[in-house]
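Only one structure is covered here, and it is reproduced in the block below.
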Amino acid sequence: MSTKTILITGASSGIGAATARLAVEKGWQVGLFARSEEKLNALVEELGDKATALPGDVTDFDSVKAAMDGFASKVGGIDAVYANAGTGLSAPGTDAGDPDEWANMVNVNILGVLWTVKAAMPHLKARKGHLLLTGSAAGRRHIAGSVYGASKWFVHGYGGNLSEEMKEFGGRCTVIAPGMVDTPFFDEPKPDKLQPEDIANAVFHALDADPRCAVNEIFLMPTQ
């Protein structure tokens with residue numbers, strides 16, 4: 001049986017890095033896509049020859065496509081793609097929000113997901129593959145004026161639409177929707193909240209499900 005393969009965006013830290021570690025532990029080949037070449041190289045050094053550094057910018061379609069095609073060529077095809085890259089805002093709400101910050105966030109959280117999915121689709125179609133998207137608790141409920149939350153509502157809606165589209169070729173799409181996770185996304189540590197490893201385990205719950213079972217969404221919340 002050939003080694004399974006996954007490409008992860010936002011792979012240099014937090015949820016992406018934890019998912020990469022679990023993937024390698026399970027014997028998968030992993031493509032690590034993120035902007036920080038230095039962090040990616042350090043992660044490859046940790047994970048060994050099952051990991052490939054793919055430095056690039058998720059807001060640049062050509063960058064994403066080149067990484068996707070290059071990784072597929074190196075490992076012989078792609079079984080799963082995890083569109084995990086995302087960013088938040090320092091000024092919450094609409095009235096107090098910063099339009100420049102919004103533009104940057106939309107480029108990452110919405111266009112970055114679109115570019116990743118577009119680049120991934122031919123590879124996933126070839127293998128009846130699996131697409132995963134990082135959603136959020138903020139994409140499942142209304143939060144006063146939250147533009148970040150609205151970007152995650154997009155992810156949840158688009159993920160459902162992709163599930164319908166991917167049925168046509170036997171593929172699957174899962175939205176992973178965590179509440180607060182203790183990652184570098186936040187300035188202060190959140191030790192009593194979800195850990196990146198919890199999200200990685202959710203990713204593999206979806207990936208390991210029998211092909212007859214499409215896990216459309218996993219919603220995780222910290223108990224405290």
Can you tell me if [X] uses its side chain to pair, donor with acceptor, with the backbone of [Y] under 3.5 Å?
{"X": "Ser12", "Y": "Leu40", "answer": "no"}
{"X": "Lys193", "Y": "Gln224", "answer": "yes"}
{"X": "Glu101", "Y": "Ser90", "answer": "yes"}
{"X": "Lys152", "Y": "Thr134", "answer": "yes"}

Any idea which heavy atoms bring [X] and [Y] closest together, and the distance?
{"X": "Val30", "Y": "Leu32", "result": "CG1-CD2, 3.5 Å"}
{"X": "Ala80", "Y": "Leu207", "result": "CB-CD2, 3.8 Å"}
{"X": "Gly179", "Y": "Ala137", "result": "CA-CB, 3.8 Å"}

With a 3.5 Å cut-off and no angle check, do the side chains of [X] and [Y] form a donor-acceptor pair?
{"X": "Ser151", "Y": "Asn109", "value": "yes"}
{"X": "Asp79", "Y": "His123", "value": "no"}
{"X": "Ser63", "Y": "Asp57", "value": "no"}
{"X": "Lys39", "Y": "Ser13", "value": "no"}

Residue pair [X] / [Y], side-chain heavy-atom distance below 4.5 Å:
{"X": "Leu162", "Y": "Leu131", "answer": "yes"}
{"X": "Thr59", "Y": "Leu111", "answer": "no"}
{"X": "Thr174", "Y": "His130", "answer": "yes"}
{"X": "Val58", "Y": "Trp115", "answer": "no"}
{"X": "Asn84", "Y": "Leu132", "answer": "no"}
{"X": "Ser163", "Y": "Arg172", "answer": "no"}
{"X": "Leu220", "Y": "Leu194", "answer": "yes"}
{"X": "Asp98", "Y": "Leu89", "answer": "no"}

Looking only at the aromatic ring of each residue, does the gap between the centers of Tyr158 and Trp153 stay below 6.0 angstrom?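 Centroid distance Trp153-Tyr158: not below 6.0 Å, so no.
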For Val181 and Gln195, what are the C-alpha separation, side-chain angles and deciding distance, and is it a side-chain contact (heavy atoms from CB on, under 4.5 Å)? CA-CA 6 Å; Val181 185; Gln195 295 300 307; 5.8 Å; no
Enclosure of Arg127 CZ (heavy-atom neighbours >12, cutoff 6.0 Å):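 Count over threshold, so yes.
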Kindly check if the number of other-residue, nucleotide or ligand heavy atoms within 6.0 Å of CG (Asp208) is above 12?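 Atom CG in Asp208 is crowded, with more than 12 foreign heavy atoms closer than 6.0 Å.
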Any ion pair linking Glu217 and Arg140 (charged N to carboxylate O, less than 4.0 Å)?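 The answer is yes: the pair qualifies as a salt bridge.
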Glu168 and Lys125 ion-paired at < 4.0 Å: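 Looking at Lys125 together with Glu168, the answer is no, because their closest N to O distance does not fall below 4.0 Å.
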Kindly indicate, with the supporting measurements, whether the criterion side-chain contact (heavy atoms from CB on, under 4.5 Å) is fulfilled by Tyr82 and Ile176. CA-CA 10 Å; Tyr82 185 15; Ile176 308 290; 4.3 Å; yes
